[in-house]
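Hydrogens, waters and symmetry mates are skipped; everything else that's a heavy atom, side chains included, is used.
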Amino acid sequence: MRSRRRLPLGLLLVLALPAVPATAVSQPAPSTAQTKAAARALADKAWEHFNAGRYEEALAAFREADAQVHAPPFLLFAARSCERLGRLLEARSLYQRVVDEPLAASAPQEFQQAQAEARVELTALASRIPTLEIAVAGVAPGAVEVTLDGERVVQTGPVERDPGEHTVTATVRGQRPVTKTIRLSEGGKERVTLDLAPPPAPAVATPATSRDAREDAGMDVRGAALVGGGIATGAGVVAGVVFTLVANAKASDAKRQWRVVDAIEGEAVDCRYPAGFNQTQECGELSSLVDDQYLFSNLALWSFVGAGASAIGTLGYVWLAAAPSEPEHQVRLAPLVLPGGGGLVAGGAF
């Protein structure tokens with residue numbers, strides 16, 4: 001809080017002083033009353049932004065005030081604004097400018113105080129700047145171009161960057177660029193490796209490899225046929241069982257309906273020639289149930305037939321499509337007749 005009250009007052013006193021010698025503030029010409037008034041207004045505005053946490057606006061205002069009337073306190077607070085924005089490298093550059101500026105013994109006390117504070121803060125800032133080391137594998141260093149955030153870098157050691165995300169890209173002629181994104185934190189020391197080894201050449205299939213591939217393909221086809229045939233066979237069996245159960249149920253219903261028809265008016269009923277409305281209705285119900293029984297019986301029969309055909313077809317295909325086995329060793333015998341005698345000659349694959 002003490003520095004917050006002291007800074008505006010100190011700056012206003014400096015801006016109210018007569019022209020300071022150039023050796024004290026490194027300014028080529030004396031400031032006029034107009035430029036001092038403009039610098040004073042900018043300094044007040046910059047100080048207001050800084051205290052409100054609007055560091056981007058404060059940085060712009062401090063820089064503009066320093067352009068009107070150069071004063072080390074302006075650069076000091078510009079560096080502090082950059083530091084709070086995470087722009088540590090820019091803050092270090094501004095602190096260094098304040099530290100390196102030659103001040104005469106007659107320079108205002110505010111200038112000397114700003115230089116002393118900049119020296120302390122510059123030392124504390126050094127350990128907060130993160131570094132990134134970039135390594136490339138699989139290619140000679142001279143054959144690759146490395147960029148960091150679009151800026152070309154030389155792989156001679158760690159590179160300083162502000163905290164945050166950064167993109168590293170390595171490019172070799174004739175290959176696709178390799179890119180990685182890495183996040184740097186304050187004080188961190190990171191290392192990223194980009195592998196640029198060329199992809200392996202495609203292997204040339206040897207006869208044995210081709211034969212193995214064909215055998216594997218044949219096994220896949222046979223396996224798919226076996227699975228598909230098994231599913232079809234199982235579906236046929238399930239459908240046959242279901243249709244058989246439905247047919248049996250329809251047969252039971254038909255028997256019950258026949259007893260109902262047979263009991264009509266206590267006399268025999270010929271459903272081919274029903275007499276009266278009651279016989280016609282009951283005989284029609286009986287006929288419908290009998291038709292359903294035959295229908296589901298036929299469906300059950302053909303489901304079982306289909307399941308059997310699917311099973312036989314699947315097994316036959318798998319057997320016929322099986323990979324040929326190694327040729328058996330065969331021995332052939334042939335008679336041999338010579339002038340002085342005879343015998344047998346054996347030949348073949350052993």
Side-chain angles (χ1 to χ4, degrees), residues 26 42 46 49-50 53-68 70-102 114-115 117-200:
S26 301
L42 288 169
H49 287 315
F50 187 85
R54 299 187 293 270
Y55 300 114
E56 198 71 58
E57 293 85 346
L59 174 62
F62 278 125
R63 285 186 180 276
E64 194 173 350
D66 187 71
Q68 294 290 333
H70 173 67
F74 292 155
L75 293 183
L76 173 66
F77 272 85
R80 288 172 176 171
S81 299
C82 287
E83 190 175 348
R84 283 158 176 77
L85 289 170
R87 292 150 60 174
L88 304 186
L89 295 180
E90 187 177 356
R92 183 178 65 180
S93 176
L94 291 172
Y95 282 135
Q96 193 67 54
R97 283 180 57 187
V98 178
V99 170
D100 293 342
E101 182 173 338
Q115 192 172 69
E117 292 180 7
R119 187 175 291 108
V120 173
E121 295 180 31
L122 177 63
T123 302
L125 182 64
S127 61
R128 296 174 53 197
I129 297 177
T131 60
L132 175 63
E133 185 176 356
I134 304 172
V136 176
V139 68
V144 61
E145 177 180 306
V146 180
T147 60
L148 178 57
D149 298 327
E151 176 187 348
R152 188 169 182 176
V153 294
V154 181
Q155 299 170 250
T156 56
V159 181
E160 293 180 330
R161 281 296 184 271
D162 287 326
E165 284 193 354
H166 299 274
T167 302
V168 184
T169 303
T171 306
V172 175
R173 184 184 300 273
Q175 296 186 30
R176 296 181 60 182
V178 177
T179 301
K180 284 189 177 181
T181 300
I182 188 169
R183 172 171 289 277
L184 300 179
S185 57
E186 285 195 11
K189 299 182 184 298
E190 302 292 341
R191 176 184 173 89
V192 61
T193 301
L194 303 176
D195 189 2
L196 293 175

Minimum side-chain heavy-atom gap E56-R87 below 4.5 Å:
yes
Exercise answer: donor-acceptor pairs, residues 57-65 side-chain atoms, under 3.5 Å, sequence neighbours excluded:
residue	atom	partner	partner atom	Å
R63	NH2	E90	OE2	2.6

Residue pairs involving residues 174-183 (criterion salt bridge (charged side-chain N to carboxylate O under 4.0 Å, His left out); sequence neighbours excluded):
E165-R183
Donor-acceptor under 3.5 Å (D195 side chain, V136 main chain):
no
Nearest heavy atoms of [X] and [Y], plus distance in Å:
X    : Y    : value
S81  : F50  : OG-CD1, 3.4 Å
H166 : D162 : NE2-O, 2.6 Å
A135 : R191 : CB-NH2, 3.2 Å
A114 : V98  : O-CG1, 3.8 Å
P163 : P130 : N-CG, 3.9 Å

Working to the nearest 0.5 Å, report the span between [atom1] of [X] and [atom2] of [Y].
X    : Y    : atom1 : atom2 : result
T169 : D149 : OG1   : CG    : 9.0 Å
L125 : E186 : CG    : CD    : 8.5 Å
L88  : S93  : CG    : OG    : 12.5 Å
L194 : T171 : CG    : OG1   : 9.5 Å
T131 : K189 : OG1   : NZ    : 4.5 Å
H49  : R54  : NE2   : CZ    : 5.5 Å

Taking the six-membered ring of F77 as reference, does the NZ or CZ atom of R80 fall below 6.0 Å from its centre and within a 45° cone about the axis?
yes
Strictly below 4.0 Å, N to O, side chains only: are R161 and E190 in salt-bridge contact?
no
Let me see the working for L76 and Y95 under side chain to side chain contact (heavy atoms under 4.5 Å, CB included), right down to the final yes or no.
CA-CA 6 Å; L76 173 66; Y95 282 135; 3.7 Å; yes
Name the residue from T193, L132, V153 that meets the side-chain contact (heavy atoms from CB on, under 4.5 Å) definition with V168.
L132
Within a reach of under 6.0 Å around CZ of R97, are more than 12 heavy atoms found that belong to other residues, nucleotides or ligands?
no
